[in-house]
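Per chain, numbering begins at 1; letters A, B, ... match sequence-line order. Quick note: numbers below take in every heavy atom, side chains included, and nothing from hydrogens, waters or symmetry partners.
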There are 2 protein chains.
Amino acid sequence: MDGMSAMRSGRAPMYQQISEALRQQIADGTLPAGAQLPTEADLTERYGVGRGTVRQALGDLVNAGLVVPQRPRGYFVRERRPMVFRPQAEFRKRPFSAEMDAFVLEHSADGREPRQLIEVAIVEPAPDIAKRLQLEPGQLAAVRRRIRWLDGEPFNLNDSYFPLDIVRESEIMRPEDITRGANEVLAELGYRQVTALDEVYVRMPTPDEVHRLELGPGTPVGYHVCTGYTAEGKPVRVAVTVLPGDRHVISYERRWEPQDGAE
Amino acid sequence: MDGMSAMRSGRAPMYQQISEALRQQIADGTLPAGAQLPTEADLTERYGVGRGTVRQALGDLVNAGLVVPQRPRGYFVRERRPMVFRPQAEFRKRPFSAEMDAFVLEHSADGREPRQLIEVAIVEPAPDIAKRLQLEPGQLAAVRRRIRWLDGEPFNLNDSYFPLDIVRESEIMRPEDITRGANEVLAELGYRQVTALDEVYVRMPTPDEVHRLELGPGTPVGYHVCTGYTAEGKPVRVAVTVLPGDRHVISYERRWEPQDGAE
DNA sequence: AAGTGGTCTAGACCACGCA
DNA sequence: GCGTGGTCTAGACCACTTG
């Protein structure tokens, strides 16, 4: 018996034809967000293929983040409602334009219930962190690890690292919320940050992140690293935030600076 | 015959145990970037499981972006060397701190050969673009579509939209490189941008993006939308950039503004 | 109890690049 | 021609949730 009877029509593999057809229906609204897809059995019969082939097709959509399997109910079209993540919020309270205001408002946490868990530790930071803090190998850092929830769902991870020698015995070492902000505490300690370098990486999550953030399959994350510097150029804080792609928009605004000479 | 003989040891499915073991070896450097993994046949024998199970394990790693299958050579640990994508570059030539300079330099295109292909069209923009440009339904926009390569590899997609009525018959409509920048042309037309709103979304690519950017499986993209406004608050440009996660770091810098009152 | 997706097996043929 | 991964089949048992 041939293994590939149903595939010989076009040239694309059968499973791709199936996933493409479903993709189409999701794109054009035939299958709106939250709708249930046909079951594996349905598709197996409809296309006259083996179950493995159908599962491969559905797997494609799952890995593309379009569809979520909810055992044992079936496959459903994914819904997403990203929140605004605004790195600048910490140093500029209000957006400087009406458009920005409207944008933030549209994606706001209106009435959703925030919660967070803070944990403080002294660690030898990972090499990439140590490098940004300009620590020698073996030098220690304090880290405030936070998990933030919204309506009981994990929302993002935020780890802030500080050189241990400047925050030791300060308020930063206590695992409680600092209402006036950790940055203000740093400033009181004599290390006011005046500039920051932001980096955003886009990648798939680690299994640990999948677990802690309860990520569905096919959900990439933004990995945001912010390094804060004093006026003297000393790095005093590295904040690492892991942002699930299906729950965030990273957003910031810019203002053109006076042109100095030719562009 | 049982279907699951080999799985009954722990509680995690066999394929996860296999992928976890490989993940470990990648993480600790036993399998460095570029190294070849054991073949499917190797793993099938080593773990005493069916080929399907092994393929599921490897599929995990592929979808996590850690491994790339190179038929018919085998599976290899992925290499990545992200380039800096600096949205601010267009309006601030040089980073304002030495740290930033160093960072950009470290991820620079040193000696790699850039190339781009420009295409201009008049379109009815997608709803999200139309909304940002504040266009009425049916109003048209000009779009400059660019694909950029580096050393013959596609690097990113960049589509810039302009309200048609303000750029018609300007230089922007010609599919050639504009050395002094499209922003400068806009300014000459009387629409100088003074602020911009940046949004970054993180998601899996569409099949079209996979094709145009030659993305490997398990490669998420950053979707960067920049809306530029004139002093009067009129949006005059929307630039959409699709950035493969394995080839980019998005980066920008900030400067703390004078504190106004409490916070 | 029924029906869903999750895991696993065994075996088959194909397309492709390299020796 | 050989070995690689890519596709596909047919059949099995499991875990889970819902009626």
Side-chain angles (χ1 to χ4, degrees), chain A residues 1-22 34-63 66-78 207 210 216-218, chain B residues 1-22 34-63 66-78 207 210 216-218:
Chain A
M1 186 164 299
D2 185 2
M4 332 189 63
S5 49
M7 166 190 168
R8 288 283 139 261
S9 48
R11 54 230 160 282
M14 196 58 209
Y15 80 92
Q16 281 180 19
Q17 297 181 34
I18 299 174
S19 65
E20 191 45 48
L22 291 169
Q36 178 169 11
L37 274 67
T39 65
E40 292 181 356
D42 286 344
L43 292 169
T44 302
E45 190 186 6
R46 182 178 314 173
Y47 287 94
V49 297
R51 188 183 163 208
T53 305
V54 164
R55 278 182 65 76
Q56 212 174 342
L58 290 166
D60 257 22
L61 301 177
V62 168
N63 286 323
L66 292 174
V67 152
V68 174
Q70 288 183 27
R71 198 176 55 153
R73 297 181 42 230
Y75 290 88
F76 293 82
V77 180
R78 189 164 198 158
V210 168
Chain B
M1 185 165 299
D2 185 1
M4 331 189 63
S5 48
M7 164 190 170
R8 287 284 140 262
S9 47
R11 54 230 161 280
M14 197 57 209
Y15 80 92
Q16 281 179 20
Q17 297 181 32
I18 298 174
S19 64
E20 190 46 48
L22 291 169
Q36 178 169 12
L37 275 67
T39 64
E40 293 182 357
D42 286 345
L43 293 169
T44 302
E45 189 186 6
R46 181 176 317 172
Y47 287 94
V49 298
R51 187 181 165 210
T53 304
V54 164
R55 278 183 63 78
Q56 212 174 342
L58 290 166
D60 256 22
L61 301 178
V62 169
N63 287 323
L66 292 175
V67 152
V68 175
Q70 286 182 29
R71 200 176 54 154
R73 298 181 41 232
Y75 290 87
F76 293 83
V77 180
R78 190 163 198 158
V210 168

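Protein atom CG of B:D60 is 12 Å distant from nucleotide atom C1' of C:dT7, rounded to whole Å. We find that CD of A:E45 is positioned 11 Å from P of C:dT4, with the value rounded to whole Å. Rounded to whole Å, atom P of D:dA12 lies 24 Å from atom CE of B:M14. Atom pair B:Y75:OH and D:dG5:P shows a separation of 6 Å (rounding to whole Å applied). One interatomic measurement links the two molecules: CD of A:E40 to C1' of C:dA2, which rounds to 16 Å at whole-angstrom precision. B:Q36 has its CD atom 13 Å from the P atom of C:dC18, to the nearest Å. Rounding to whole angstrom units, CD1 of residue B:I18 and C1' of C:dT7 are separated by 12 Å. Summarising the geometry, the separation between CZ on A:R73 and C1' on C:dA2 is reported as 16 Å, rounded to the nearest angstrom.
Nearest to the side chain of B:P13, among C:dC8, D:dT7, D:dG3, sits C:dC8. Checking C:dT4, C:dC8, C:dG6 against the side-chain heavy atoms of B:Y15 singles out C:dC8 as nearest. Distances were taken from every side-chain heavy atom of B:V49 (C-beta onward) to each of D:dT7, C:dT9, D:dT18; the shortest belongs to C:dT9.
Among the atoms of the strands shown, only primed sugar atoms or phosphate atoms (P, OP1, OP2) are found under 4.0 Å from some heavy atom of B:Q56.
Put simply, CG on A:L43 and CG on A:L37 are 7.5 Å apart, with the number rounded to the nearest 0.5 Å. Here the straight-line distance linking atom OH of A:Y47 with atom CD1 of A:I18 works out to 6.0 Å at 0.5 Å rounding.
Both B:L37 and A:G52 lie close to DNA chain D; mapped to their nearest nucleotides by heavy-atom distance, the more 5′-ward contact belongs to B:L37.
What you find for A:L61 and A:S19 is that their closest heavy atoms are CD2-O, 3.8 Å.
Applying the 4.0 Å criterion to OP1 and OP2 of C:dG3, one finds that A:T39 has every side-chain N and O outside that range.
Judged by distance alone, with hydrogens and angles left aside, the side-chain atoms of A:Q17 form a donor-acceptor pair with the main-chain N or O of A:A12 at under 3.5 Å.
The 12-atom threshold is exceeded at CD of B:Q36, counting heavy atoms of other residues, nucleotides or ligands nearer than 6.0 Å.
Taking the screw axis at each terminus of the helix from C:dA1-D:dT18 to C:dC18-D:dG1 from five consecutive base pairs, the angle between the two is 10° to within rounding of 10 degrees.
Counting only heavy atoms from C-beta outward, the side chains of B:V49 and B:Y15 never approach each other to under 4.5 Å.
Residue-to-nucleotide contacts include a donor-acceptor pair under 3.5 Å from the side chain of A:R51 to the base of C:dG6.
Not a single salt bridge (Lys or Arg N to Asp or Glu O under 4.0 Å) links A:R46 to another residue, sequence neighbours left out.
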